[in-house]
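Reckoned from all heavy atoms, side chains included, excluding hydrogens, waters and symmetry mates. By convention in this document, chain letters (A, B, ...) are assigned in the order of the sequence lines, proteins followed by strands, and residues within each chain are numbered from 1.
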There are 2 protein chains.
Amino acid sequence: MPGQTSRPATITDVAARAGVSVPTVSRVLTGAARVSPDKRRLVEAAISELRFRPSAAARVLASRRSQVIAVIAGETSRYGYAETIRGVEEAARAVGYTVMITVVESADQDELDRAMSATLSQPIAGVIVLKFDPPGVAALHRVPADLPVVALSGVREKNIAQAVLDETRAAEELTAFLLGLGHATVHHVRVPPSRREDGRTTGWRRALRKAGAEVITPYDATWEPRSGRAIGHEIAADASVSAVFCGNDEIAMGVVRGLNDQGLRVPEDVSVVGFDNHPLAEMWSPALTTVEQDFAGMGRRGFDLLAQLVNGEDGRTFSSERPRLLVRDSAAAPAPQRG
Amino acid sequence: MPGQTSRPATITDVAARAGVSVPTVSRVLTGAARVSPDKRRLVEAAISELRFRPSAAARVLASRRSQVIAVIAGETSRYGYAETIRGVEEAARAVGYTVMITVVESADQDELDRAMSATLSQPIAGVIVLKFDPPGVAALHRVPADLPVVALSGVREKNIAQAVLDETRAAEELTAFLLGLGHATVHHVRVPPSRREDGRTTGWRRALRKAGAEVITPYDATWEPRSGRAIGHEIAADASVSAVFCGNDEIAMGVVRGLNDQGLRVPEDVSVVGFDNHPLAEMWSPALTTVEQDFAGMGRRGFDLLAQLVNGEDGRTFSSERPRLLVRDSAAAPAPQRG
DNA sequence: CCCGATTCTGAAAGCGCTATCAAGACCCCG
DNA sequence: CGGGGTCTTGATAGCGCTTTCAGAATCGGG
């Protein structure tokens, strides 16, 4: 058996081995046209004997179709990002697609182009952009117009195919919940926003307005939990704060820790709620009241939407998911001595 | 300006526009051979005017070289996995490579082949396997022999290029630290192991043996923090437990929470240490004593190693990283009334 | 038993690029 | 001023597959 370890088998080898023509092998590969059962059997046998694996590069070149999609994101490691990507990958894998990951760290044009060009020159069927942060937003604008693209984010927008997680409504519900507990107002610690104002902040503001509560300028946190801790220290020094809505659970945990550092108890002295339902949120002491965000689900739907676009189906559709409020132990009625 | 929105420009279009031959354009693209400055300028102008972006598919087909690597992992979302992948992507992007992600959920051969074949038929330069769990190990065995491959894991092995994070030593140090605090022995809660015995368990056992301490059968946790909490409940009921070494920080947080649920304090009643230095470990109350694992660094080195292999350089090398012990507040001398 | 309709199959032509090779241009030195 | 380099360039031939397109084979109905 010569050629065992030599170069990988090509479609020509398979055709020769099976005693058929190259196009016939191609036909059984793609399933595009009918092939008689006996030839099909011969071809399949040859394929497995030769351990033939079609070259995606050649395939793409000839067919002008690809089974790869690119995911462009400003981050990959934090909870929301990682889960979203997991959802995309899962849905993609289920239908034989592979996903490429490209991280865009900066919104600067040149850096962006450099980071994206390697990926965009790959043969990809479409792009999914995680529009969670400024680099994501910038990346979205630089995707070539001829490529199908789906944006994933927390806020709806026009003229673009997207899957969204309705942050605004979730934030509004959560804030209203806090207000319902009797807090005069709710302070907000926001995570780095993707635009002038993210959905979480909008929802929070909206709930406050509806209730006629005072809207206090939000604190700005980074993605690092320790930035939340520092803000917790600030908040501890301000006796007017009785309830805090944090942009995500990790920041909320930092805030709680910062409050504890200063001898304040949650929820007895200050109520704190998070966002996302991070796996550790329920482990935290006190268990964090938060709102669940189905990132993986958004990722899956985003892929499904992209698949539709790739197949030339309608694309202006978008799917929104209803968030679920998780009432746990970190929020309670306000303490009389604060605020 | 016709063809503005029509099909993307090809190298032929560029050549025509610049008034040179196709190979000349190719030469400025690849930088493989010298081109006179004036022709180079012409070509570059044509490229940017036409917004030409070379087709990676055609390139791969003609040159038999690819700028894409595949990362195969059993997971993508948990801390260690996500960080490792982040490191790989970072190093890859720095030199113009793109990374493809493939998740292998099961170690079952058929499922594995199905999940991997989509990726392996892509034109990839090499593969990085996260050998953290059984699916990862199984995947490693099914990578075609002709493809450069690097394994990433916590334990060294022979005959394979790999980047490792020396878990065994780290676990040994951490266990020895606990023993040094005066604990008679240290209990272990292990995360799903990648083989008969993972490095963390080995290091723990080794430290115990060296100290002549009793080796108690480990508790088995899943990757879910809540499994740690359940184990915390078990541990609370066993008064002989005074120190617990958890396979990772997330499990440790679960264990601490489980202990708290039963009215036990950490570290006053029981000492608990984690592993990895998860971003929330220092936020936790008490701040978790743990050992830092530079997953991203391992990912970067893994990529560098793979790049060497791809370039035909020696590959048996492997880089190991020295873990760093982080002593915080979750471990203390044993309480006299327990154990 | 003939003819058009239906399957199935193979020859040939690319897909967009790189690799090879040989030809032309230019240089230097004896 | 001729011979042997060194550079730069273009013609040509694929890379491994899919896609026409047309021919061969089979079938059914009148």
Check your understanding: Is the shortest side-chain N/O distance from B/Ser26 to OP1 or OP2 of C/dT18 below 4.0 Å?
Key -> yes

Exercise for review: Identify, residue by residue, the members of residues 116-127 of chain A with a heavy atom below 4.0 Å from DNA chain D, and return them in order of residue number, or none.
Suggested key: none

Review point. Taking C-beta and beyond as the side chain, do A/Lys39 and A/Ser36 meet within less than 4.5 Å on heavy atoms?
Key: yes

Check your understanding: Quick one: on DNA chain D, does B/Asp38 or B/Ser63 contact a more 5' nucleotide (nearest heavy atom)?
Key -> B/Asp38

Exercise for review: Please state whether the phosphate of C/dG16, meaning OP1 or OP2, lies under 4.0 angstrom from any side-chain nitrogen or oxygen of A/Arg64.
Suggested key: yes

Point to revise | Any A/Met100 side-chain heavy atom under 4.5 Å of B/Val68 side chain | key: yes

Exercise for review: State whether the side chain of A/Thr24 and the backbone N or O of A/Val20 hold a donor-acceptor pair below 3.5 Å, judged by distance alone.
Suggested key: no

Point to revise | Charged N-O contact under 4.0 Å between B/Glu89 and B/Arg86 | key: no

Practice item. Determine the contact category for B/Arg40: base if any of its heavy atoms lies under 4.0 Å from a base atom, sugar-phosphate if only primed atoms, P, OP1 or OP2 are that close, otherwise nothing. Key: nothing

Point to revise | Rounded distance in Å - CZ (B/Arg53) to C1' (C/dC15) | key: 19 Å

Practice item. Flag yes if more than 12 heavy atoms outside B/Arg53 fall under 6.0 Å of its CZ atom; otherwise flag no. Key: yes

Review point. When you check the gap from the basic side-chain N to the acidic O, do B/Glu44 and B/Arg41 get nearer than 4.0 Å?
Key: no

Review point. Taking for each residue the nucleotide of DNA chain C with the nearest heavy atom, is it A/Arg34 or A/Pro23 whose nucleotide lies nearer the 5' end?
Key: A/Arg34

Exercise for review: Report the nucleotide, chosen from C/dC17, C/dG16, C/dT9, that has the shortest atom-to-atom distance to any side-chain atom of B/Ile11.
Suggested key: C/dC17

Review point. Given that B/Lys39 and A/Ser55 both sit by DNA chain D, which one's nearest nucleotide is further toward the 5' end?
Key: B/Lys39

Review point. So what does B/Val35 touch, heavy atoms closer than 4.0 Å: a base, only the sugar-phosphate, or nothing?
Key: sugar-phosphate

Point to revise | Length of the line joining B/Leu61:CG and C/dC15:P, which is rounded to integer Å | key: 13 Å

Practice item. Evaluate the side-chain proximity of A/Val150 to A/Leu152: yes if any heavy-atom separation is below 4.5 Å, no if none is. Key: yes

Under 3.5 Å, sequence neighbours excluded: what are the donor-acceptor pairs made by side chains of residues 127-139 of chain B?
residue, atom, partner, partner atom, Å
B/Lys131, NZ, B/Glu157, OE2, 3.1
B/Asp133, OD1, B/Gly136, N, 2.9
B/Asp133, OD2, B/Tyr81, OH, 2.5

Revision key, fill the gap. Under a 4.0 Å heavy-atom criterion, DNA chain D is touched by chain A from D/dG16 to D/dT19

Check your understanding: So does B/Arg93 pair up with A/Glu105, basic N to acidic O under 4.0 Å?
Key -> yes

Check your understanding: What nucleic acid atoms does A/Arg27 come within less than 4.0 Å of, heavy atoms only: base, sugar-phosphate, or nothing?
Key -> base

Review point. In whole Å, what is the span from the CD1 atom of B/Ile47 to the C1' atom of C/dG16?
Key: 14 Å

